[in-house]
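First up is the structure itself, then whatever we jot down about it.
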Amino acid sequence: MMSIPLPVPSSPGPWSVPGDPSLPRLTMEPTMSREGLFDGAWWPRTTHVLAELPDLVTALGAHLGRIVRVGLDTPAWDGVPRSVVVDGLMVRISWFDGSDATISVTRGFQDHFLLLVVPPDTPPATAAAAMAEASATGNHTPAAELLPG
């Protein structure tokens, strides 16, 4: 099985590999200690869930194992379905209101990860800084402080 390289937010790019699907702009807390507020950060290119979610689930699946559910703030996204099929497997989508700056990801039955979601139109330097802080070991800065504006 080929591993999917996860770009680091401090790198200027490229965020994709020629000839491959777009790699999600994703960082994860390196130790997976689960001691911070966030387990990583994601910077989608659009607010179109069906365009963005499959690549994220594929990348996370390579890093974390099978993803069975994601939780999204529906007003922050366009056209949120109840589920999406990724690599032949169904991933359920839970809907919640409250924070368009987060996404919860579940592997197995109760193993939840929380990612900061950087809005697509965020300037690259601001996005890189927010992603780096959210994916730092032991981070405790809330999304509202990581994402100015």
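Everything quoted here is computed from the prediction, not taken from an experiment.
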Using modelled atom types and a 3.5 Å cut-off, is there a donor and acceptor pairing between side-chain atoms of [X] and backbone atoms of [Y]?
| X | Y | answer |
| --- | --- | --- |
| Asp55 | Leu23 | no |
| Trp95 | Gly71 | no |
| Glu52 | Arg45 | yes |
| Asp39 | Leu115 | no |
| Asn139 | Gly36 | no |

Side chains of [X] and [Y], heavy atoms from C-beta outward: is any pair under 4.5 Å?
| X | Y | result |
| --- | --- | --- |
| Asp87 | Arg66 | no |
| Pro75 | Asp73 | yes |
| Val118 | Thr126 | no |
| Leu56 | Pro44 | no |
| Ile93 | Leu53 | yes |
| Ser104 | His112 | no |
| Val105 | Arg107 | no |
| Thr141 | Phe38 | no |

Give, for atom [atom1] of [X] and atom [atom2] of [Y], the distance between the pair rounded to the nearest 0.5 Å.
| X | Y | atom1 | atom2 | result |
| --- | --- | --- | --- | --- |
| Ile67 | Thr106 | CD1 | OG1 | 8.0 Å |
| Thr27 | Glu133 | OG1 | CD | 11.5 Å |
| Leu26 | Met131 | CG | CE | 6.5 Å |
| Glu145 | His140 | CD | NE2 | 13.0 Å |
| Trp43 | Thr122 | CH2 | OG1 | 7.0 Å |
| Ile103 | Leu60 | CD1 | CG | 8.0 Å |

Are [X] and [Y] grouped together when hydrophobic residues (ILVMFWY) are joined by side-chain heavy atoms under 4.5 angstrom apart?
| X | Y | result |
| --- | --- | --- |
| Leu64 | Leu89 | no |
| Leu50 | Val80 | yes |
| Val68 | Leu114 | no |

side-chain hydrogen bond (donor to acceptor under 3.5 Å, both in side chains) evaluation trace for Glu35 with Thr137: CA-CA 7 Å; Glu35 294 175 8; Thr137 302; over 6 Å; no
Let me see the working for Met32 and Phe113 under side-chain contact (heavy atoms from CB on, under 4.5 Å), right down to the final yes or no. CA-CA 10 Å; Met32 297 308 294; Phe113 294 83; 3.2 Å; yes
